[in-house]
Amino acid sequence: MAIACLLLFLWEFKKNTSEMKKNIIISSVILFTIFFGFIYNGILHTDGRYIYYLDDAYIHLSIAKNIVYHHVWGATPFEFSSSSSSPLYTLILSAIIYIFGDNEYISLYLNSIAAIVLIVFLVKYYSKIFEKSLLVLFFTLMAIFATVLYGQMLNGMEHTIQLMMLCINFYYLTEWRNSNYTHKRSYVYFLISISLLPVLRLEMLFYVFAIAILLFLNKKFKQTFVTFFLGTFFLSIFCLWNYSQSSLLMPFSVIAKGNKLSFEGGDILFQIKKLLDKNIFRILFLKVLFIPLITVLVLIFKTVKDFPKAIFEKNFNNFLFIMVLIAHLLFADIGYLRYESYLMLLFSLIIAKPLFDILMNSRKTIFEKAALFFGILLIGLTISYKNVISTLVFLGGSKDIYDQQIQNAKFINKYYKDDYIVANDIGAICYYNNIHLLDIMGLASAEVLPYRAYCKEPDEKFQKFLQNKTTNSRYKFAIIYDVWLQPFVPNNWIRIADFKIKKNYSACSRKVSFYAFSEKEKQILLKQIEEFNWNKDVEITIYK
């Protein structure tokens, strides 16, 4: 995929006009200046090495490494675990490791190439809408900052390639639709890219379903079937294989962190409220996605006079965004940065032309001019807010992960690199070691999922399960955020030490706790903790 991205960039760059090339270069320079600035800031606080500001990046690397060297799809070399919701990204990393060897920075290199390809297609897309080069540059930069693209590159995860593939798909979808669904080359490229999207990120199923529904409403029945079939083909294959390995259709990460509407117990209203509380009733939704939602609804309302004759074709892009957004709010998650980044890219792609057309309309009333100004201001504030909040994470996140997960991984590597460990943040400790793991969140342990599925809180049953697993067993100790387990920490667990980082920008909690499972292991662990060379910025509290 990395080589394919590079070849795609060279091919598309060669075909562009001089103005398009200039915009590609300017946008890339701005993006990579910010990108390398954050990398430089990170290595200043992490002993000269760049650390991903999310521990999840190391989960991908760990699975990819185990695929190549141990022929096991799992966070550890000893058991299957589909801990990633991006199987294609994991396969890409494993292919790179197989060819070039293991390197913790391959995610950075891959994301950098994908970001450049994304910029090429952004410029190509906007160049077909605007004649003025400055407008193309403006909207390209708008898309870069709306998605916080430099942040997606820095986190070492799949979101940059997801954005790249979405942009490619939307570009060819638009080209195909503009030809009245007759342009075969665009149709083929659209189908190829849409088949890969759900295995890059499972939320892209919302996008596939929305396009299929809109094609159906526009009476493109054959195209509806082909789009739906190919859009779900590779993901279906993966799910069937996942089932053969674990008796579960979906990846562990989706089951552990996902959302669902359950009618068990008969309280339907409560379940619906739970779904709405997940995202729609959160202040974060108002800060991040409310303005894009209202903007697109206004665009649809402006064409309501065409209902029902041509409203779905005229508003294809608008309805596409609304449908994907609603599905995401109900069944996925939102944040300041990564989960909703593809929604912000989609918004940036569909808003450009209608926004420009409205601006150029000389017959606007004073009220319409004021509303337009206020709307543009709110869009700008939404994008600015995402970048400001994300910047705080980038400035301190690498330091957080270095002081917490990397230190824990080093400790385990020195004393327990092949042993049995209980943990919850599993990325770095698995990537830098070959441990046997019991993951209390279920991402890497199928036996935990019945207790923690769909963000289920710990309870007495889970407490008893953990107590049975760690009593007179091979497990040496637990290293966990005990706030995730309180008040159901097993009775046989003995607190040994707490490790607290100074500030917290990206870790799940400032404090990590060590627990032993017997008095014998307690004494051994205490000695090891006292003699280990911990980072001086970590506050350690030892319980003897």
Side-chain angles (χ1 to χ4, degrees), residues 41-59 155 335-336 389-416 421-433 435 437-441 443 457-458 463 466 470 475-490 493-517 521-544:
N41 172 79
I43 65 178
L44 289 177
H45 303 94
T46 53
D47 293 339
R49 56 185 288 204
Y50 178 71
I51 303 297
Y52 297 112
Y53 65 83
L54 291 174
D55 183 66
D56 293 8
Y58 296 99
I59 297 178
N155 68 23
Y336 295 104
I389 296 298
S390 300
T391 295
L392 297 177
V393 175
F394 307 149
L395 289 174
S398 292
K399 174 67 172 170
D400 293 343
I401 302 302
Y402 180 72
D403 286 346
Q404 197 172 88
Q405 280 79 4
I406 300 299
Q407 295 301 306
N408 295 337
K410 287 181 176 181
F411 176 81
I412 291 172
N413 187 264
K414 183 172 182 179
Y415 300 108
Y416 298 95
I421 309 294
V422 178
N424 52 234
D425 237 13
I426 64 171
I429 64 172
C430 286
Y431 178 65
Y432 294 108
N433 301 283
I435 58 173
L437 177 69
L438 179 65
D439 173 16
I440 68 168
M441 298 305 295
L443 294 180
E457 295 295 327
Q463 181 185 39
L466 290 177
T470 55
Y475 289 99
K476 300 296 185 180
F477 70 96
I479 177 170
I480 64 166
Y481 298 124
D482 66 355
V483 294
W484 287 8
L485 209 50
Q486 294 290 358
F488 298 105
V489 175
W493 289 21
I494 307 167
R495 188 192 293 267
I496 302 297
D498 291 333
F499 296 79
K500 187 180 292 185
I501 56 179
K502 286 186 175 181
K503 296 180 180 179
N504 183 21
Y505 297 97
S506 66
C508 295
S509 174
R510 284 184 63 199
K511 187 181 73 172
V512 168
S513 299
F514 278 61
Y515 287 88
F517 306 135
E521 289 298 334
K522 172 184 174 180
Q523 299 306 318
I524 296 172
L525 197 57
L526 278 171
K527 181 180 178 181
Q528 292 166 340
I529 289 173
E530 288 175 340
E531 72 179 24
F532 186 74
N533 184 27
W534 298 96
N535 189 298
K536 64 181 185 301
D537 292 330
V538 179
E539 178 187 327
I540 305 174
T541 303
I542 296 178
Y543 303 93
K544 293 188 177 181

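Side-chain atoms are counted along with the backbone in the values below, which use heavy atoms only and exclude waters and symmetry mates.
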- Rounded distance (nearest 0.5 Å) linking atom CD1 of I524 with atom NZ of K476: 7.0 Å

- Query: If we only count heavy atoms from C-beta on, is the W534 to I529 side-chain gap below 4.5 Å?
  - Reply: yes

- Can you check whether T470 reaches V422 side chain to side chain, under 4.5 Å on heavy atoms? yes

- Does the side chain of I412 reach to within under 4.5 Å of the side chain of Y432, using non-hydrogen atoms? no

- If you measure only the distance, is there a donor-acceptor pair under 3.5 Å linking the side chains of Q405 and D425? yes

- Tested for ring-ring contact (aromatic ring centres under 6.0 Å, His included) against Y52, the lone hit among Y58, Y402, Y431, F394 is Y58

- Note on the structure: Residue set satisfying side-chain hydrogen bond (donor to acceptor under 3.5 Å, both in side chains) with D498, at least two apart, ordered chain then number -> R495, S513, Y543

- Task: Starting at CD1 of I406, measure out to CZ of R49 and round the result to the nearest 0.5 Å.
- Result: 5.5 Å

- Message: Looking at Q404, is its backbone amide N or carbonyl O close enough to the side chain of N408 to form a donor-acceptor pair, meaning the two atoms are under 3.5 Å apart?
- Response: yes

- Pairing of D400 and R510 as salt bridge, 4.0 angstrom limit: no

- Side-chain contact, heavy-atom cut-off 4.5 Å: I440 with P458? no

- Task: Take I494 and Y515 through the test side chain to side chain contact (heavy atoms under 4.5 Å, CB included) and record every step on the way to the result.
- Result: CA-CA 5 Å; I494 307 167; Y515 287 88; 5.8 Å; no

- Note on the structure: Interatomic distance, CD1@I426 vs CG@D439, rounded to 0.5 Å, equals 4.5 Å

- Heavy-atom check, side chain of E531 versus side chain of Y415, under 4.5 Å: yes

- Item | Euclidean distance, S509 OG relative to K500 NZ, rounded to 0.5 Å | 8.5 Å

- Just by modelled atom types, is the A428 backbone N or O under 3.5 Å from a matching donor or acceptor in the D55 side chain? yes

- Side chains of I496 and K522: closer than 4.5 Å at any heavy-atom pair? yes

- Query: Does the N535 side chain pair with the main chain of Q407, one donor and one acceptor, at a distance under 3.5 Å?
  - Reply: no

- Message: Is there a side-chain contact between I435 and I429 in this structure, where contact means two heavy atoms from C-beta onward sitting under 4.5 Å apart?
- Response: yes

- Query: For residues Y475 and E521, is any side-chain donor paired with an opposing acceptor at under 3.5 Å?
  - Reply: no

- Query: Under 6.0 Å from the OH atom of Y505, do we count more than 12 heavy atoms belonging to anything else shown?
  - Reply: no

- K414 side, atom NZ; N433 side, atom CG - distance, nearest 0.5 Å: 13.5 Å

- Message: Quick check: Y416 with F477 (ring centres under 6.0 Å apart)?
- Response: yes

- Query: What closest approach, in Å, do K511 and Y481 show between heavy atoms, and which atom pair accounts for it?
  - Reply: O-CD2, 3.2 Å

